[in-house]
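Here is how names work: the chains are called A, B, and so on, in the same order as the sequence lines, proteins then strands, and each is numbered from 1.
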2 protein chains.
Amino acid sequence: MARLPIYLRALTVLVERGIGTCSSEDLATATGVNSAKLRKDLSYLGSYGTRGVGYDVDYLRYQIAREIGVTQDWPVVIVGIGNLGNALANYSGFRSRGFRVVALLDAAPERHDEAVAGLEVRPFDDLEEIVAAESVSIGVIATPAVAAQDVADRMVAAGVTSILNFAPTVLSVPEGVDVRKVDLSIELQILAYHEQRKAAPDADLGHATDQEVIA
Amino acid sequence: MARLPIYLRALTVLVERGIGTCSSEDLATATGVNSAKLRKDLSYLGSYGTRGVGYDVDYLRYQIAREIGVTQDWPVVIVGIGNLGNALANYSGFRSRGFRVVALLDAAPERHDEAVAGLEVRPFDDLEEIVAAESVSIGVIATPAVAAQDVADRMVAAGVTSILNFAPTVLSVPEGVDVRKVDLSIELQILAYHEQRKAAPDADLGHATDQEVIA
DNA sequence: AGGAGTTTGTGAACGGAAGAACAAAACGAG
DNA sequence: CTCGTTTTGTTCTTCCGTTCACAAACTCCT
Ligand SMILES: NC(=O)c1ccc[n+]([C@@H]2O[C@H](COP(=O)([O-])OP(=O)(O)OC[C@H]3O[C@@H](n4cnc5c(N)ncnc54)[C@H](O)[C@@H]3O)[C@@H](O)[C@H]2O)c1
Ligand SMILES: NC(=O)c1ccc[n+]([C@@H]2O[C@H](COP(=O)([O-])OP(=O)(O)OC[C@H]3O[C@@H](n4cnc5c(N)ncnc54)[C@H](O)[C@@H]3O)[C@@H](O)[C@H]2O)c1
């Protein structure tokens with residue numbers, strides 16, 4: 001379920017505040033979801049709450065982390081160390097949430113050996129070697145759109161089975177490989193859509209059909 | 001509808017290739033959605049297709065752009081010019097899709113007057129002035145999580161009614177203000193979740209959620 | 001110990017999206 | 001002009017996620 005990471009983050013905040021237990025109502029308001037939905041989500045992983053009391057924050061946190069699979073560290077490779085790739089490489093939030101960037105790859109020779117976030121940028125052709133050596137199963141694509149499909153194919157061939165794609169392209173991958181895409185332009189366009197609706201209260205009054213067949 | 005931007009992008013590609021008309025089947029495979037769903041989406045904006053022929057690429061593209069509201073340029077401010085803010089400021093894809101970054105704001109004085117992507121980084125306190133002067137209604141938050149809520153409050157007070165939030169926090173905003181969040185850690189965690197399921201075949205198999213399409 | 005007050009877990013109702021299927025419309029060939 | 005082919009627009013059915021509502025279970029206070 002896609003909401004588990006949100007609960008996990010909220011629980012981490014509660015742990016840091018030294019809060020030992022919380023009700024579904026508390027967690028629900030903290031994460032912005034309906035409390036019934038939250039309880040149903042949690043009950044899906046088992047009965048980890050106590051009626052009349054709530055949930056043990058630490059215990060629930062561990063259970064969710066275990067369910068998601070972030071009790072272990074996942075090695076990750078990032079391909080395309082441009083504007084976005086640099087930002088990602090420097091992002092500390094990955095590390096603290098169970099992901100370890102093991103390599104930065106780029107096709108452009110002028111980027112090689114450059115140090116980014118304590119890692120050197122390596123040639124894209126080292127992909128297979130690195131994936132095999134570090135048992136990498138998750139790859140991040142931050143290359144231009146035209147290169148994304150090629151990079152994805154190489155990743156899949158090398159053994160990567162999950163891809164996070166920042167390039168604005170639809171990737172085609174074989175069965176068994178998961179792709180998630182993050183497209184910032186789309187996010188902005190969705191905002192613009194709602195924004196336009198706010199400005200024009202007359203909304204879509206029946207886009208009336210303009211043509212009638214004449215007999 | 002959240003799929004319109006995807007159709008728009010696919011149509012833009014078709015335009016660039018000089019293709020004049022396309023069927024719902026074509027667009028569906030190009031975007032990775034079901035053709036019936038796509039037709040239903042398009043029919044929601046009106047009857048812009050011709051039975052037996054398909055859709056006029058240029059015309060449909062314009063209609064979708066108009067529906068989304070990207071026939072005009074939307075001014076955007078970015079707050080928090082760190083790793084991520086820099087990448088966003090340098091991203092050309094916003095401009096080409098109907099968004100214009102009008103200002104880069106940061107609270108840290110040492111960043112001020114620095115030039116990023118042809119714009120100078122200005123003090124966060126200039127927010128209200130800029131929003132008013134440029135009629136900005138869309139703001140992007142790329143600050144650390146602790147500052148995000150404050151920034152959002154200031155944005156809302158200044159007149160921003162749509163926020164794209166990259167900080168891993170749940171923002172609370174008044175009615176009428178739209179917030180979309182992009183949380184990269186969550187995306188990775190969802191991948192890790194599926195990845196773990198692949199490795200452990202005892203879990204509930206099934207639900208193959210991937211996009212399979214030919215490019 | 002018992003009752004009052006909480007809070008979980010879940011059965012049932014609801015809503016809306018997704019897919020299958022088909023009739024209506026356009027076009028081209030003969 | 002008519003028929004066959006293609007493809008849209010839409011209806012109908014199915015399914016999944018959300019929400020409501022409530023009994024069961026636990027704590028605390030008297
Ligand atoms: N910068 C942003 O904020 C932003 C926002 C949204 C989406 N994106 C998308 O993310 C992607 C990267 O954006 P960017 O701004 O970092 O671009 P960029 O041009 O700065 O960086 C791209 C990098 O990929 C490398 N590259 C190119 N082809 C490659 C290949 N075949 N194999 C390996 N590496 C290759 C290039 O050498 C370059 O270093 C683009 O698809 C862009 O549309 C970026
Ligand atoms: N870097 C990434 O790839 C990445 C990935 C996912 C999420 N994020 C999130 O995006 C946000 C920014 O990440 P980053 O790596 O760019 O961080 P960063 O520390 O590099 O940059 C943050 C910037 O925000 C500025 N800032 C701090 N408080 C401010 C305030 N109150 N008003 C205005 N500006 C303020 C700082 O001066 C700094 O320049 C964080 O919340 C992070 O969790 C970043």
(request) On DNA chain D, check which nucleotide each of B:L42 and A:V33 is closest to and give me the residue with the more 5' one. (result) B:L42

(message) If you count every heavy atom of other residues, nucleotides or ligands that lies below 6.0 Å from B:R66 atom CZ, does the total exceed 12?
(response) yes

(message) What I want to find out is whether A:D73 reaches A:R95 closely enough, with some N-O distance under 4.0 Å, to be called a salt bridge.
(response) yes

(request) Could you check how far CG of A:L27 sits from P of C:dT7, rounded to whole Å? (result) 13 Å

(request) Give the rounded distance in Å between these two atoms: CG of A:D41 and P of D:dT19. (result) 11 Å

(request) In plain terms, say whether B:K198 and A:D178 are close enough for a salt bridge, that is, a side-chain N and a carboxylate O under 4.0 Å apart. (result) yes

(request) Kindly point out which of C:dT10, D:dT8, C:dT7 is positioned nearest to the side chain of A:R51? (result) C:dT7

(message) Can you identify which nucleotide, out of C:dA21, D:dA25, D:dT7, has its nearest atom closest to the B:A36 side chain?
(response) C:dA21

(request) To the nearest Å, give me how far apart CZ (A:R39) and P (D:dG17) are. (result) 19 Å

(request) Check whether any side-chain N or O of A:N34 sits under 4.0 Å from OP1 or OP2 of D:dC20, and answer yes or no. (result) yes

(request) Answer yes or no: does a side-chain N or O of B:S24 lie under 4.0 Å from OP1 or OP2 of D:dT7? (result) no

(request) Can you tell me the distance, in whole Å, between the CG atom of B:D26 and the P atom of D:dT6? (result) 14 Å

(message) On DNA chain D, compare the nucleotides closest to A:K37 and A:G52; which residue's is nearer the 5' end?
(response) A:K37

(message) By nearest heavy atom, map A:K40 and A:G46 onto DNA chain C; which one lands nearer the 5' end?
(response) A:G46

(request) Answer yes or no: does a side-chain N or O of A:Y44 lie under 4.0 Å from OP1 or OP2 of D:dG17? (result) no

(request) Would you mind reading off the distance between B:D56 atom CG and D:dT7 atom C1', rounded to a whole angstrom? (result) 15 Å

(message) I want to check a possible cation-pi pair here: B:R154 against B:F124, using under 6.0 Å from ring centre and within 45° of the ring axis as the test.
(response) yes

(message) Check for me whether the distance between the ring centres of B:Y59 and B:Y48 falls short of 6.0 Å.
(response) yes

(message) In whole Å, I'd like the distance from the OH atom of A:Y48 to the P atom of C:dT10.
(response) 13 Å

(message) I want to check one thing: is the phosphate of D:dT8, taken as OP1 and OP2, less than 4.0 Å away from some side-chain N or O of B:T50?
(response) no

(request) Using only side-chain N and O atoms of B:R3, determine if any of them is under 4.0 Å from OP1 or OP2 of C:dA18. (result) yes

(request) Using atom CD of B:E25 as one end and atom P of D:dG9 as the other, report the distance to the nearest whole Å. (result) 14 Å

(request) Please check the phosphate of C:dG9 (OP1 and OP2 only) for any side-chain N or O of A:Y55 closer than 4.0 Å. (result) yes

